[in-house]
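The chains referred to below are lettered A, B, ... by the order of the sequence lines, with proteins before strands, and numbering in each begins at 1.
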2 protein chains.
Amino acid sequence: MHFPNFNHLRSFWVTAKAGSLRAASQRWHFSQPTLSEQIKQLEESLDTALFQKVGGRLALTEAGRRAFDYAEQIFALGSELVEKSQAEPSVRGLSLAVGVADTLPKLLSWSFIRPALNLPQPVRLICREGDVSSLLEQLTTFRLDVVLSDEAAPAHLNPPAFSQKLATSGLSFLANAALAKKLRRRYPESLDQAPIIFPARGTAMRVALDKWFHDRGLQPTAAAECDDSAMQKAAALDGVGFVAVASIEVESVRERYGFEVVGSADDCQLSFYAITAMRKIRHPAVAAILQKPIV
Amino acid sequence: MHFPNFNHLRSFWVTAKAGSLRAASQRWHFSQPTLSEQIKQLEESLDTALFQKVGGRLALTEAGRRAFDYAEQIFALGSELVEKSQAEPSVRGLSLAVGVADTLPKLLSWSFIRPALNLPQPVRLICREGDVSSLLEQLTTFRLDVVLSDEAAPAHLNPPAFSQKLATSGLSFLANAALAKKLRRRYPESLDQAPIIFPARGTAMRVALDKWFHDRGLQPTAAAECDDSAMQKAAALDGVGFVAVASIEVESVRERYGFEVVGSADDCQLSFYAITAMRKIRHPAVAAILQKPIV
DNA sequence: AAAATACTTCGGTTTTTCCGAACCCATATT
DNA sequence: AATATGGGTTCGGAAAAACCGAAGTATTTT
C-alpha cells in the first residue's frame with residue numbers, strides 16, 4: 001500500500017482552492033516557497049504534473065483536477081474526524097460489537113446475544129456479519145468484542161483467540177409442507193437425490209453434513225448453496241429444497257417459517273462457540289454471553 | 001478549518017489494523033516508540049483516548065472505533081489517488097469543463113456549447129451546474145474552463161474574470177395551451193394577477209422581469225419560484241403558471257414542451273455571457289464557444 | 001514464580017518542514 | 001518601449017518533526 005504525503009497534498013489542495021500560491025499562502029499562513037516546493041514534491045511522487053503555467057499563473061491540469069477531487073474528500077473527512085472527536089457522545093452506555101459468522105442461524109445467534117442486553121447498564125449493540133476468518137481478524141484487533149461462530153478458533157492463532165462452547169446440538173432436516181410430506185415417507189433414504197439447500201462449502205456445518213451423507217451412502221442433489229442461513233430459509237420456503245438446521249432451533253424456525261420436520265440426525269453434532277480475544281473476560285456484556293451456555 | 005496530523009493518524013490506523021504496536025511495527029517498518037508516541041500525540045490533539053489498555057494490550061475505545069472508520073476511508077482514498085495518478089494516459093482527448101448557471105435555459109446553453117464539440121480533436125465535456133458565484137470561484141481557480149451565465153462577471157474581481165457577450169435577446173412569455181389562450185386575450189394587461197413561475201430571486205432574469213412588470217404597473221402572482229429553468233418548465237407544463245423565456249429559445253422550447261406564446265417583451269433585454277479566467281483564450285474549445293456569438 | 005508478551009520512556013540522530021531573501025517571468029500600464 | 005505589478009521559483013539555513021535503539025515497566029500465560 002502506498003500513500004501520498006498528506007502535507008504535500010494539503011499544500012496542493014489549498015493552492016488549488018485559492019487559485020494561486022500567493023492567495024493560498026496568505027489565507028493559510030504558509031510561505032510561497034513552502035507551498036511551491038511541496039507541490040513540486042507531490043508532483044514528483046505522483047509522477048504527474050498537477051499544475052501547468054498558463055500566463056504567469058497556475059492552472060490545474062487534467063490530473064490535477066482529479067487529484068483535487070480526491071483531496072477535497074480526504075480533507076473533508078479529516079476535518080469531520082476532528083469535529084466528531086471533540087464532541088464526545090453523551091451516550092455513556094456500554095457498547096458491544098459482536099461478529100456473527102454469516103453461516104450461523106440468526107435466530108440462534110440472537111438467543112446467544114440476548115443475555116448481554118439484560119445488564120444493569122444499557123448496552124449499545126453493534127452486529128457485524130462476515131466470514132469467520134475476517135471476523136477473527138477484527139476480533140484480535142479489538143474492533144470486535146466477541147465473535148459467534150460454528151467452529152472454534154484455530155489453536156495457535158497469533159494474537160491468540162479463545163473459544164468457548166455455547167451449545168451443542170444435533171441436526172434436523174426441514175422443508176416446506178409439500179416437500180416435507182414427500183421426503184418424510186422413507187427417511188432417510190428419501191434424501192438420496194432429493195434437492196438440498198447447502199450451506200457454503202468449507203463451513204463447519206457443511207463438513208458435518210457431507211460426512212453424514214457420505215457415511216450413509218446418500219447423495220442429495222444440491223439445489224442451491226447459500227452463505228447466509230436466512231437466504232437458505234428463504235429458498236426453502238419456496239420449495240427449492242430442504243435445509244439442515246441445528247435441532248435446538250427447530251422450534252423457532254418452524255414457528256417462523258412454517259416448515260415441517262423431515263427427519264433428524266442427532267448423531268451429526270454441531271457446536272457453537274463464542275470467541276474472544278483474551279481468556280480473561282472484562283467486558284460485562286461478553287461475560288453475560290459466556291455465562292449462559294445453553295446446552 | 002482544522003485537520004488531524006495525518007502522520008499520526010497513519011500510526012493510529014496501522015496499529016488499530018494490526019492489533020498491537022508490535023505487529024504494526026513489524027508489518028509497516030516503524031519502531032514501537034514511534035507509533036506509541038505519535039498515537040499519543042494524536043490523542044492529545046483530538047482530546048480523546050483512542051486506545052485503552054486492557055490487559056497488557058491496546059484495545060480501541062469507542063472514540064477509537066469511530067476514528068478508525070474515518071481513517072479507513074481517508075487512507076483508502078489516499079491510496080486510490082496514488083494509483084489513479086500513475087495510470088494517467090488512455091484518454092488523450094482535450095477536456096473542457098463548463099460551468100452552467102443553473103438559471104440558464106438548458107437548451108440555449110447547449111447551443112452555446114455545441115461549437116466546442118466540432119473541433120478536429122475529440123473533446124471530453126464536463127458540465128457542472130451551480131449558482132453563479134460558486135461557479136466563478138471554480139473558474140478563477142481553474143477548476144472550470146468557462147462559465148455560462150446570464151450576467152457578466154463583477155468588474156474588479158480578484159483574480160479577474162472576463163465576460164464576453166454571446167447573445168442578446170428579448171423576452172417572451174409562454175404557457176400551456178389552456179392558460180396561453182386565456183392570457184393572450186388582453187396581453188399584456190392580462191398578466192396582472194396571473195400566475196407566474198418566477199426564476200430565483202437575485203438572478204439577472206428575475207431582476208429584468210421585476211423591472212418590466214413594475215414599469216407597466218403589472219403584478220403577476222408568484223405561483224412558484226424555481227432555481228432551475230427545467231423545473232420552471234415542468235411546472236408550466238402542468239398549468240401552474242406562465243414562464244418567461246428568452247425569445248431566441250422560444251422555438252425550441254415550444255417544440256419540446258408544446259407551449260404557446262402569450263406575448264413578447266422585446267424591450268426587456270437579456271444577455272448571455274461566457275466568462276473566462278483570462279482574456280487571452282488558450283483553450284481551443286473555449287475559443288470555439290467565444291467565436292460564435294449567436295446574436 | 002518464571003517466562004513471555006507488549007507498551008513507554010529516554011536521549012539522540014536523521015529528515016522534513018518551513019521561512020526570508022533574492023531572482024525570474026508574464027501581463028498590464030504609462 | 002519602459003516600468004510597475006502580480007505571481008512563481010531557487011537557495012541556504014534554522015526549527016521542528018519523525019524516527020530509532022536501548023532500557024524500563026506492566027500484565028498475562030504457563
Picking from dC20(D), dT10(D), dG8(D), which would you name as closest to the side chain of Lys40(A)?
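Looking only at heavy atoms from C-beta outward on Lys40(A), the closest nucleotide is dT10(D).
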With respect to the side chain of Arg22(B), which nucleotide from dC7(C), dC18(C), dC19(D) is positioned closest?
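Among the listed nucleotides, the one closest to the side chain of Arg22(B) is dC7(C).
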Please determine if a side-chain N or O atom of [X] lies less than 4.0 Å away from the OP1 or OP2 oxygen of [N].
| X | N | result |
| --- | --- | --- |
| Ser36(B) | dC7(C) | no |
| Gln32(A) | dC19(C) | no |
| His8(B) | dA17(D) | no |

Toward the 5' end of DNA chain D, by each residue's nearest nucleotide, Leu21(A) or Asn7(B)
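The residue whose closest nucleotide sits nearer the 5' end is Leu21(A).
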Hey, which sits more toward the 5' end of DNA chain D by its nearest nucleotide, Gln41(B) or His29(B)?
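Nearest nucleotide further toward 5': that of Gln41(B).
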With nearest nucleotide decided by heavy atoms, which residue, Phe30(A) or Gly19(B), maps closer to the 5′ end of DNA chain C?
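Looking at DNA chain C, the more 5' nearest nucleotide goes with Gly19(B).
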Separation of atom [atom1] in [X] from atom [atom2] in [N], rounded to whole Å:
| X | N | atom1 | atom2 | value |
| --- | --- | --- | --- | --- |
| Glu44(A) | dT9(D) | CD | C1' | 14 Å |
| Leu35(B) | dC7(C) | CG | C1' | 11 Å |
| Gln26(A) | dG6(D) | CD | P | 11 Å |
| Trp28(B) | dC19(D) | CH2 | C1' | 17 Å |
| Gln52(A) | dT9(D) | CD | P | 13 Å |
| Leu58(A) | dG6(D) | CG | C1' | 12 Å |
| Arg27(B) | dA6(C) | CZ | P | 12 Å |
| Asn5(B) | dT17(C) | CG | P | 11 Å |

Atom pairs and distances, donor-acceptor, side-chain atoms in residues 29-37 of chain B, under 3.5 Å, two or more places apart:
residue  : atom : partner  : partner atom : Å
Ser31(B) : OG   : Thr34(B) : N            : 3.3
Ser31(B) : OG   : Thr34(B) : OG1          : 2.8

I'd like to check the ring pair (Phe, Tyr, Trp, His ring centres under 6.0 Å) partners of Phe162(A); sequence neighbours left out, ordered by chain and number.
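For Phe162(A) there are no ring pair (Phe, Tyr, Trp, His ring centres under 6.0 Å) partners, ignoring immediate neighbours.
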Can you tell if the side chain of Phe51(B) reaches within under 4.5 Å of the side chain of Leu60(B), non-hydrogen atoms only?
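Result yes, sub-4.5 Å side-chain heavy-atom pair found.
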B/S/- along nucleotides 21-30 of chain D (protein heavy atoms under 4.0 Å) is BB----SSSS
Minimum heavy-atom separation for Leu270(B) to Met205(B), with atom names?
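It is CD1-CE, 3.6 Å.
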Taking atom OG of Ser163(B) and atom CG of Leu136(B), what is their separation to the nearest 0.5 Å?
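CG of Leu136(B) is found 8.0 Å from OG of Ser163(B).
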Verify whether the ring centers belonging to Trp13(A) and Tyr70(A) lie closer than 6.0 Å.
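Not under 6.0 Å, so no.
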Between the side chains of Glu151(A) and Tyr273(A), is a donor N or O closer than 3.5 angstrom to an acceptor N or O?
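There is no such pair (donor and acceptor under 3.5 Å, judged by atom type) between the side chains of Glu151(A) and Tyr273(A).
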